[in-house]
Amino acid sequence: MRKGFASEAASACIAYAFDTLGWDRVIHVIHPDNTPSIKTAEKIGSRMIGDRPNLPGLLDERVLVYGQDRRKH
């Protein structure tokens, strides 16, 4: 049963990045098959901004890039 912990934790991380660290933008790099993470990103206000064939030095698979900026937080 889903209890919303992932969304709550993700929202707290976003708030920390914007309010404490002063970042203007946050991105999430998500494997295309990870539907729960995609839904969580969308639930906290992130939108897909593109995809990449891989992450050099980290992952040799396609990834989706979701993100949001401070103005929409």
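Quick caveat: nothing in here was measured; it's all calculated off a predicted structure. These values consider heavy atoms only, across backbone and side chains, with no hydrogens, waters or symmetry-generated copies.
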Looking only at heavy atoms, what is the nearest atom pair of [X] and [Y], with distance?
X     : Y     : result
Val26 : Phe18 : CG2-CE2, 3.6 Å
Pro32 : Leu64 : CA-CD1, 3.9 Å
Ser46 : Gln68 : OG-OE1, 2.5 Å
Arg70 : Asp19 : NH1-N, 4.4 Å

Atom [atom1] of [X] and atom [atom2] of [Y]: how far apart are they, to the nearest 0.5 Å?
X     : Y     : atom1 : atom2 : answer
Asp69 : Ile14 : CG    : CD1   : 11.0 Å
Tyr66 : Ile44 : OH    : CD1   : 11.5 Å
Ile49 : His28 : CD1   : NE2   : 9.0 Å

Could you work out, with side chain to side chain contact (heavy atoms under 4.5 Å, CB included) as the rule, every residue matching Ser37, not counting sequence neighbours?
Ile30, Asn34
Using the test side chain to side chain contact (heavy atoms under 4.5 Å, CB included), find all partners of Leu21 that sit at least two apart in sequence or belong to another chain.
Tyr16, Trp23
Pair Leu59, Arg52 - check side-chain contact (heavy atoms from CB on, under 4.5 Å), show working.
CA-CA 11 Å; Leu59 186 66; Arg52 296 190 47 101; over 6 Å; no
Do Ile38 and Met48 make a side-chain contact, defined as non-hydrogen atoms from C-beta onward lying under 4.5 Å apart?
no
For residues 27-51, which residue pairs pass the salt bridge (Lys or Arg N to Asp or Glu O under 4.0 Å) check, not counting sequence neighbours?
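Non-adjacent pairs meeting salt bridge (Lys or Arg N to Asp or Glu O under 4.0 Å): Asp51-Arg62.
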